[in-house]
Each structure stands twice: as C-alpha cells, then as structure tokens.
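In what follows, a single structure is set out as structure tokens and then discussed.
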Amino acid sequence: MPRAVDKNKAEDRLRRIEAVTDSDLAHLQVEDVLQVLLDRVRENLDADTATILLLDASGQQLVATASSGIEEEVRQGVRVRVGEGFAGRIAADLKPYLINEVSENTVVNPLLWRKGIQTLVGVPLLSEGRLLGILHVGTLRDREFDENDVQWLRVAADRIAIHLNSQLTATERNAATTLQRSLLPSELPRIPGLDFGSRYVPGERLEISGDWYDVFTVPSGRLCMAIGDVVGRGLSAAMVMGRLRTAVRAHALDSDDPAEVLSKVDRHVRHFEPETMATVAFGIWEPSFEAVHLSLAGHLPPVVAAEGEPSRLVNEAPVDAPIGVSSAPQRRRRVTVPIPHGASLLFYTDGLVERRDRPLEEGLAALCEAARTGPADLLCAEVMSKLVGTEVPADDIAVLAVRRQTPSAPHKLDLEIDAVPEALADVRSELRQWLPNVGASEDDVADLLIAVGEAVANSIEHAYGPQGGKVEIRLEAHDREVQIGVCDTGTWRAARGTHRGRGTQLMRQLCDEVTIDHEQAGTCVVLRKQLSEGESA
C-alpha cells in the first residue's frame with residue numbers, strides 16, 4: 001500500500017511539472033502564456049487566486065501585471081513597495097513566504113483581505129539571481145500548503161521567469177533600438193560650405209548602449225556639434241542618452257560658449273540624474289566656419305585632418321571631468337580650433353579605438369593614420385574599414401565627421417525660403433558664410449545681416465497672408481560691390497500700426513543704395529553696398 005501511495009505522489013508531481021513545462025506554451029505570446037500558467041497554478045494547487053507582480057524600472061515597487069481569480073489587481077494598477085507587507089517581504093528576502101492571516105497588518109493590498117483571502121503563499125521570480133517580481137497564490141478558506149506545494153510553486157515561478165526574461169529582454173532591446181534610432185539624426189543637415197558624414201554601429205550581441213551624436217543650429221545661426229557616451233547598456237542607457245541630448249540642445253539655446261553649455265548640462269544631470277555618468281564632446285562653430293570652439297567632458301579629443309598635413313588629435317583641448325561625476329562643479333574650459341578650407345574634423349566614441357588587447361595610444365595612433373581629409377562620408381567609411389574591418393565591435397561605435405569645403409565660384413548665390421519668421425535664421429547663416437568669401441569685412445557682414453534681415457522680414461510680413469509663400473534672395477559680388485535682391489510674388493498689405501517704415505530707413509543707412517520695386521507680380525528690394533578695404537572676416 002505505501003508503495004502505491006508513493007507511486008501516486010510521484011505521478012502527481014510529474015503531472016504538476018508537465019503542466020508548467022508544456023512545449024505547446026512556446027507558441028503563445030507572453031501575455032497568453034502567463035494567463036495559461038496562472039490558471040494551471042490555481043488548478044494544481046487548488047487555489048482561488050494566482051497573481052504575478054513585476055518589479056518596476058525603479059527597482060522599488062512591485063506592479064500587478066497578470067492575475068487569475070482577482071483580476072482587479074491588474075485593472076486597478078496595484079503597487080507594493082519592496083520590503084513592505086507580504087509581497088514586499090518576498091521581493092526583499094528573495095525567499096518563499098506563507099501566511100495564514102490576511103489582514104491590513106500583514107498585507108499591503110486591501111483587495112486581498114476585502115475579498116476574504118485567508119491563506120497566501122508566494123515565491124520570487126528570479127532570472128540568473130536577478131529579481132523580476134513575485135508569484136503568489138491564495139485561498140478563500142483555511143489551507144495548509146506543505147513543502148511539496150512550495151517547491152512546485154518555485155518550479156512554476158522558474159518557468160514563468162524564463163518566459164518573462166525572454167520577453168523583457170526582447171522588448172527592452174527593441175525599445176532601446178527604436179529609441180536610439182529615433183534620437184540619432186536620420187539625416188544630417190545640409191549647410192553650404194560644410195559636408196557631413198556619420199556612422200553608428202552597435203556592439204557585440206547587438207546590445208544598445210548610450211552612444212549618440214547630434215548636429216543642429218541655434219537661433220543665433222551658429223552650428224553646434226555634439227557626440228557622447230552614456231555609461232551603461234540597454235534601454236536605461238538609451239533613455240538617459242535621449243534626455244542628455246535634449247539637455248545639450250536646450251542649454252545651447254542660451255550660450256555660444258561650449259564650456260558654459262556643458263557646465264549647465266552637468267548641473268542638470270547631477271540634480272535630476274544623480275546616478276548618470278557620461279562623456280561629451282561639444283563644439284560651436286564660428287559663423288564663418290573658420291574655427292570651432294570646443295569643450296570636452298571626459299571625452300577623447302577629435303581628429304583634425306588637413307590637406308598636405310599629417311592628421312592629428314586636438315590634444316590642446318583640455319579634458320574636464322565627465323558629466324555627472326564631480327560633486328563640486330569645476331570651471332569647464334574650451335579651446336578654439338582653426339579649421340582651414342578643405343580640412344576635416346572627426347568626432348568619435350571610445351569603441352572605435354579601444355581594444356582589450358592593445359593600449360589606447362595605439363588605437364589613437366591608428367585613427368590618425370587612417371583619417372585623411374576628403375568627402376565626409378568617405379572619411380567615415382575609411383576610418384571604419386581600417387579600425388573595425390571584419391571584427392565585431394565589443395562596444396558601440398559612433399563617428400561624426402565634417403569637412404569645410406573649399407569655396408568654388410562664390411560670387412553668386414541664389415536662395416529660396418518659406419515666408420515664415422523662422423527662415424530668417426537660415427538666411428543669416430547663409431550670409432555669414434557667403435559674405436566673407438567675397439571679401440566682406442566684419443563690419444560689412446554686420447551691416448548686411450541687418451539690412452537683408454529687414455528686407456526679408458518685410459516680405460514675410462507684408463507680401464503673404466496665412467497661406468504663406470516663397471521669398472527669393474539673389475546675391476552677387478562684382479568689383480568689391482555686393483548686390484542683394486529680395487523678391488516675393490505676393491501682394492503687399494498696408495502696414496499695421498504707427499511708426500512703421502523704420503526698416504526701410506535702416507536699410508538705406510547701412511547700404512549705399514536701396515531700390516524698392518512694387519509690381520503686380522510682386523515686390524523686389526535691391527540692396528547695393530561697396531565693400532570696405534579692411535581685412536575680410
């Protein structure tokens with residue numbers, strides 16, 4: 001008789017195990033798998049409820065995610081702090097826990113005692129020792145769970161943890177990849193006088209980290225370039241990367257000093273993201289593109305590749321503390337790096353040059369050897385070919401290159417813009433680049449920026465209604481005289497308000513000649529200015 005009892009127990013144990021290791025479950029979505037497994041857990045333990053609470057991103061709270069028997073837990077978003085009550089104790093101790101008195105003194109979630117649950121037993125959901133959440137079952141009657149019940153519940157928890165970890169890993173990887181791709185520029189800006197190129201490659205196992213780069217202009221018309229690396233991997237690093245990129249853009253709106261921008265970003269991170277550490281290289285270009293002002297926060301220096309010269313690291317750039325490291329903020333520094341016509345500037349993250357089997361100095365030397373000025377995209381391709389080749393990178397790699405193009409036939413330039421105030425920044429940027437190339441001095445550039453700005457602003461304000469339109473700007477330079485035409489095809493409206501017309505007066509003061517031609521087909525304003533004999537900007 002005892003032998004028959006033992007046989008029945010073994011068969012019952014095998015049946016229970018098969019219930020949570022059924023190969024058919026592999027074909028279901030994770031949500032369906034969890035529901036099937038919770039239903040089977042209830043059936044095999046003769047329980048009235050079975051619930052999964054998962055650890056949230058902060059690691060501080062458990063969130064009801066799936067339930068069989070008391071579905072309200074999920075629908076009402078029940079949360080339990082780790083360390084508090086029945087569920088919180090399991091999460092804190094990583095051990096099974098059983099109670100036979102369910103009340104406000106033993107359980108944080110009021111739904112359980114209000115529903116009349118009498119007995120609860122729970123176990124942690126673990127993946128390679130890492131807590132994912134907890135699994136607990138309950139009954140509406142007094143029930144003694146024995147050691148076999150607890151052990152089987154642990155087997156069920158292990159099976160659930162496998163499904164959860166697989167799904168969470170895939171979801172996190174997909175989310176991190178999607179987030180990073182959405183934040184990296186899909187297309188680099190097209191700016192006359194500059195040529196851009198970039199590369200981004202994830203590391204081994206295609207794990208995403210916090211490498212990023214950015215190129216953008218600010219309302220002053222200046223061009224900003226940034227590249228950085230957030231410490232960490234996965235979705236959390238990608239999320240921090242996104243917030244850091246936004247902080248850099250936001251603070252760049254208020255300052256033309258890259259060191260000041262990084263100081264403000266550092267203060268922002270130390271207050272709002274105290275666990276974050278990142279390296280950043282940030283540069284702000286002169287309007288003429290003759291030089292870039294550079295500040296480094298723990299980041300490796302960029303490479304300058306000029307025609308007819310060996311490529312070199314910008315070692316004169318002081319390297320300050322990474323973002324988020326120093327508890328007491330230090331004054332950050334900057335350096336001005338001249339970029340002659342035809343030269344290239346190459347930013348990169350450490351994954352490009354760091355290898356486990358060689359000193360960093362060798363990787364930097366190899367980078368300088370590989371970097372040669374030329375089309376920016378080709379420069380990126382050459383660098384990746386010679387430093388990465390066929391190997392699988394151990395770490396993410398981001399590369400950002402810019403080449404200052406040699407001007408060709410600069411004496412004419414035609415622009416067409418949308419008749420919106422935001423387009424004025426683009427016009428100013430184009431003028432800052434074109435005017436010095438035709439011999440304009442700094443004073444000439446300043447005068448014409450104001451005069452042309454007034455002419456364009458007048459067209460935007462007076463020529464078109466809400467439907468909008470286009471404004472054409474034609475620039476020519478001959479014999480040290482600049483002629484700029486600003487033309488629209490709209491019908492000018494009467495000036496609104498008093499004391500108008502000062503823009504035209506200002507244009508006449510700053511230029512040698514101003515003509516305004518109103519026609520049925522539109523209006524053209526032509527500005528002429530003799531360039532000064534001083535040195536060009």
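In this structure Q61 satisfies the side chain to side chain contact (heavy atoms under 4.5 Å, CB included) test together with D56, R79, R81, sequence neighbours excluded. With sequence neighbours excluded, the residues that form a side chain to side chain donor-acceptor pair (under 3.5 Å) with K470 are D418. For the side chain to side chain donor-acceptor pair (under 3.5 Å) test, no residue two or more places apart in sequence or in another chain qualifies with T276. Legend: residues meeting salt bridge (Lys or Arg N to Asp or Glu O under 4.0 Å) with E369, ordered by chain and number and at least two apart, are R372. Not counting sequence neighbours, R334 has no partner by the side chain to side chain donor-acceptor pair (under 3.5 Å) test. Qualifying side chain to side chain contact (heavy atoms under 4.5 Å, CB included) partners for T489, counting only residues two or more places apart in sequence or in other chains: Y464. Taking C487 as the reference, C524 meet the disulfide (SG to SG under 2.5 Å) condition, with sequence neighbours excluded. Every residue two or more places apart in sequence or in another chain that forms a side chain to side chain donor-acceptor pair (under 3.5 Å) with E472 is listed here: R474. In terms of the salt bridge (Lys or Arg N to Asp or Glu O under 4.0 Å) criterion, D488 has no residue partners (sequence neighbours excluded). By the side chain to side chain contact (heavy atoms under 4.5 Å, CB included) test, L360 pairs with L300, V353, E354, L364, sequence neighbours left out.
Put simply, the side chain of I52 does not reach to within 4.5 Å of the side chain of S67, judged on heavy atoms. Looking at heavy atoms from C-beta onward, V292 lies out of side-chain contact with I284 at the 4.5 angstrom threshold. Taking the side chain as every heavy atom from C-beta outward, P189 and T217 never approach each other to under 4.5 Å. Here the side chains of V280 and V265 are not in contact, with every heavy-atom distance at 4.5 Å or above. A 4.5 Å side-chain heavy-atom check between H293 and E286 finds at least one atom pair inside the cut-off. In this structure, the side chains of E72 and V78 stay at 4.5 Å or more apart for every pair of heavy atoms. V303 has its side chain out of reach of V314: every pair of non-hydrogen atoms, C-beta onward, lies at least 4.5 Å apart. For the pair Y200/D396, a side-chain contact is recorded, criterion being any heavy-atom separation below 4.5 Å from C-beta on.
The 12-atom threshold is exceeded at CZ of R333, counting heavy atoms of other residues, nucleotides or ligands nearer than 6.0 Å. For M277, the CE atom counts as loosely surrounded, since its 6.0 Å shell holds 12 or fewer non-hydrogen atoms of other residues, nucleotides or ligands.
Residues L379 and A371 come closest through the heavy atom pair CD1-CA, 3.9 Å. Across all non-hydrogen atoms, the minimal contact from L387 to A366 is CD1-O, 3.8 Å. Closest approach of R270 and G324 over heavy atoms only: CG-CA, 3.8 Å. Residue G197 comes nearest to A376 through the heavy atom pair N-CB, 3.4 Å, listed as atom of the first residue, atom of the second, then distance. Closest heavy-atom contact between A64 and E73: CB-O, 3.4 Å. Considering all non-hydrogen atoms of both residues, P124 and A157 come closest at O-CB, 3.8 Å.
Side chain to side chain, H268 and E273 fail the donor-acceptor criterion of an N or O pair below 3.5 Å.
A salt bridge links D266 and R332; the closest N-O separation between the charged side-chain nitrogens and carboxylate oxygens is under 4.0 Å. Salt bridge status for R404 with D195: absent, with no side-chain N to carboxylate O gap under 4.0 Å.
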(request) Report the C-alpha separation of H251 and E260 in whole Å, then their side-chain angles, then the decisive distance to 0.1 Å, and conclude whether the side-chain hydrogen bond (donor to acceptor under 3.5 Å, both in side chains) test is met. (result) CA-CA 9 Å; H251 291 298; E260 182 179 351; over 6 Å; no

(request) Kindly indicate, with the supporting measurements, whether the criterion side chain to side chain contact (heavy atoms under 4.5 Å, CB included) is fulfilled by F282 and V261. (result) CA-CA 9 Å; F282 184 60; V261 172; 3.7 Å; yes

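Atom CG in L135 sits 12.0 Å away from atom CG in L132 (nearest 0.5 Å). In this structure, L294 CG and E316 CD are separated by 8.5 Å, a value rounded to the nearest 0.5 Å. Atom CG of L431 and atom CG of L415 lie 7.5 Å apart (nearest 0.5 Å). The OG atom of S127 sits 8.5 Å away from atom CD1 of I162, with the distance rounded to the nearest 0.5 Å. Residue D320 holds its CG atom at 12.5 Å from OG1 of T279, rounded to the nearest 0.5 Å. To the nearest 0.5 Å, atom CG of residue L475 and atom CD1 of residue I484 are 4.5 Å apart.
A donor-acceptor pair is defined here as one N or O able to donate and one able to accept, closer than 3.5 Å; such a pair exists between the side chain of T246 and the backbone of G242.
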Got a list of side-chain donor-acceptor pairs under 3.5 Å for residues 444-453, not counting sequence neighbours?
from : atom 1 : to   : atom 2 : distance (Å)
D444 : OD2    : S441 : N      : 3.1
D444 : OD2    : S441 : OG     : 3.1
D444 : OD2    : S532 : N      : 3.1
D444 : OD2    : S532 : OG     : 3.1
D447 : OD2    : K529 : NZ     : 3.4

Atom pairs and distances, donor-acceptor, side-chain atoms in residues 344-351, under 3.5 Å, two or more places apart:
from : atom 1 : to   : atom 2 : distance (Å)
S344 : OG     : T373 : OG1    : 2.7
Y348 : OH     : P301 : O      : 2.6
T349 : OG1    : D211 : OD2    : 2.9
T349 : OG1    : A398 : N      : 2.9

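W285 and F289 have perpendicular rings, their planes meeting at more than 60° on a 0 to 90° scale where under 30° would count as parallel.
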